[in-house]
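Data block below; observations after.
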Amino acid sequence: RGRTVSEIFFSKVVNQISVSRSKSRSDQQADQQSARSEEWRSYFQETQQKVPGVIGIRNHGNTCFINSILQCLSYTDILAEYFVLDQYKSDLRRRRRLAFTKTPTTMGKGEITEQLAMVLKSLWSLQYDPEISDKFKALVDKYGSQYKGGNQHDAQEFLLWLLDKVHEELNTATTKKYKRLKNFPGKSDDALAAESLANYMRCNNSFVVDIFQAQFRSSLTCPTCERQSNTFDPFLCVSLPIPQIQVRPIIITVVYLDQSPRQVRIGLTLPVEADVKDLRESLAKDTGIPTAQLLIAEINDVTFQRTLNDGQAISLIEPSACLYCLEVPTANPENEDNGAFVILSWINVYKEGPIEKRFGSPYIMQVSRETIYGDVQKLLMKEMSSILHDDILIGLQRVPLFKIRVLDGFEDKVYLDEKVELPLYMECVETAVQLSMVQDAGGPVHVKLILEWDMPGKTQVISDDSDKIEEHCSVAQVKSAPESGSSVTLQECFSLYTSEERLGCEDAYFCPQCNKKREVVKKLGVWSVPDVMVVHLKRFRQSTKATNKLDTMVDFPLDGFDMSPNMARGAVPDNLAAADGGPPNGLKGLTAFSPWKHPKRLRTNDRESTVYDLYSVCYHHGSDLLGGHYTSSCKNPTDDQWYSFDDTHTKQIGEEEVVNKDAYILFYQKACLSGASSASSSSSSGGADHWVYRMPDFVYKTKSETRCEIGRAHV
């Protein structure tokens, strides 16, 4: 039916009024948002005179591992925006509805998620109160019994535990059973990865999964038929091994029998897995002395510490140990068989009351055991002739001029007896010889002695008590050159992580094509990459007695870290992946019911989607996993400056301070999220347009303030 002119006019007026009202509401919302931004800007700059988010967290008793992780999560910009702007509440409500439908008594509480949001809001608004983190710690104790009490814990384990709990409380997946996947021959990796991903996503659907998780591929290859079997699994954190130091520097003093200079300190390097036998063989090449005539001993300022045998690993030698290589006289095989001769090695010490101090160099010589005490004394002094007064050897000296102590095999001090006609046949010498034969496997059999001088005797006989050592240029080279592997790059850690590994017979894999078990080759590779990549550096090694920490410096880039060399396949642009119908970049499809949507991000090239920028680092200081101290450094997105967080202590730092040997957990985000839209279409990560200026009003009331309000209400 045709409308009249008045009806058409009336319809246009109504439409115009409706559009005007819509524009008015939009303009009103924009004005409100602008006013809110100005309020927050004024609050931070004028009232607080601080940077948003730069505030410490109180330590409630060995909770530094929690504080450092909370700071790193707070600076995970896409995650902080999700919680601080209350976008998580939609997912939490849906989760609670699902939980009430299934098991309302045990699921859907969301306490940890709510309190984590409270912590992040208080940090970004600079209204943090210790009561907030104390309540968070109480919830951690409630849901994680391992964290009860005041013990120190591993920050990486806590991070995984916390994200897992938040994922559980926000998981809106309606299915809890996984399908059994069948790996048919000839099925492509893309198909297998898609099936594995779909199987995982049907049971796991949360914001944690969306931004932190991706897939890696594990390949097993039969060395005989070259059949390859691939499996695909999700990962939330990449735990990287650190390449070990490949060589060990050794500084040792060589003591020659008849060469000038008599003592020469040299430097050399050996493989870290080498033993003392390798050290003796290397010294034989450098010095020209046969290996059988080299004796390796550790001697400090007072005494012989120990003699090293061939089977001992050089890794057990302390870097500060004072090592000596003594040239041993050539032994006569006939005399050695019947034990008529013995090799004596000794040092000189002088005594001032109870204090002993070594002087001069070590000495070594071969002596007939059928030597009287006085002649033993003369032979020892003749070997030391270069440090004696000129007329000592031709003059008649009293016996004993010094005491001769036998070292090995005795708790108490045992001396050669001047009254025994042939002291080198004494039982203490025989015991020392037998002990040397057992302990010093591979080295010359010898007896270690200490010549004890009193000050009057030393002054009368010794003219030069200095320990003259000439230093070879190799010592400076060893000291100045960095240890091989003492500094490695993050890419080298990834290369080791993705390198091939041949499994032993105990891990043999049944090859269906060969129809028998094979020692297959295993290789890990990253199949897809997440928006936020957490990298854990495996610094701790558990031994039977204790946990050892690797202090190797890992040089990691602050920006532009490209993951494409570590991918098991070439990077796929987000727009192409979305066009294929699969989730872009692996585990990245957000829940369909969440208002938190990723906008379509078109890529200019493949490489862009695998390039990451660093924004947070968690550090471990100390040598013990269950001890030490945790701190963190984070890059603030509002001013692009780095800040250090040590519990309640905060300070601005330079980029050069971020990379150090204590780095333990690295937090990277895709470069396309840095300085651009983080997650919502209206959010900008940088400067004045940052989401922090659109925060809802947040005022936290402590328990005491709440009690005061209740009291005033009653009045």
Between [Y] and [X], is there a side-chain heavy-atom distance shorter than 4.5 Å?
X: V617; Y: F556; value: yes
X: Y256; Y: V264; value: yes
X: V302; Y: V349; value: no

Notebook entry, point to check: Within the distance-only criterion (no hydrogens, no angle test), does the side chain of Q377 pair as donor or acceptor with the backbone N or O of G374 below 3.5 angstrom?
Noted result: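 Looks like no, no N/O pair under 3.5 Å.
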Margin query: Taking the basic N atoms (NZ, or NE/NH1/NH2) and the acidic carboxylate oxygens, is any pair closer than 4.0 Å for D464 and K468?
Written below: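 Salt bridge between D464 and K468, a charged N being under 4.0 Å from a carboxylate O: yes.
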Next item on the list: Before accepting this row, confirm whether a basic side-chain N of the pair E356/K413 lies closer than 4.0 Å to the acidic partner's carboxylate O.
Entry: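 Yes, charged N to carboxylate O under 4.0 Å.
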Check: Would you call the rings of F158 and W161 parallel, tilted or perpendicular if under 30° counts as parallel and over 60° as perpendicular?
Finding: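 Because their plane-to-plane angle is under 30°, the rings of F158 and W161 count as parallel.
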Next item on the list: Look at the rings of H620 and Y630 and say which category their plane angle falls in: under 30° parallel, 30 to 60° tilted, over 60° perpendicular.
Entry: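 The arrangement is perpendicular - the two ring planes meet at more than 60°.
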Check whether more than 12 heavy atoms from other residues, nucleotides or ligands sit under 6.0 Å from atom [atom1] of [X], and answer yes or no.
X: D417; atom1: CG; answer: yes
X: K277; atom1: NZ; answer: no
X: K403; atom1: NZ; answer: no
X: Q305; atom1: CD; answer: yes

Next item on the list: Verify whether the ring centers belonging to Y324 and F304 lie closer than 6.0 Å.
Entry: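 No, too far apart.
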Next item on the list: Assert yes or no for the condition that the ring centre distance of Y350 to F402 is strictly below 6.0 Å.
Entry: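 No, the ring centres sit 6.0 Å or more apart.
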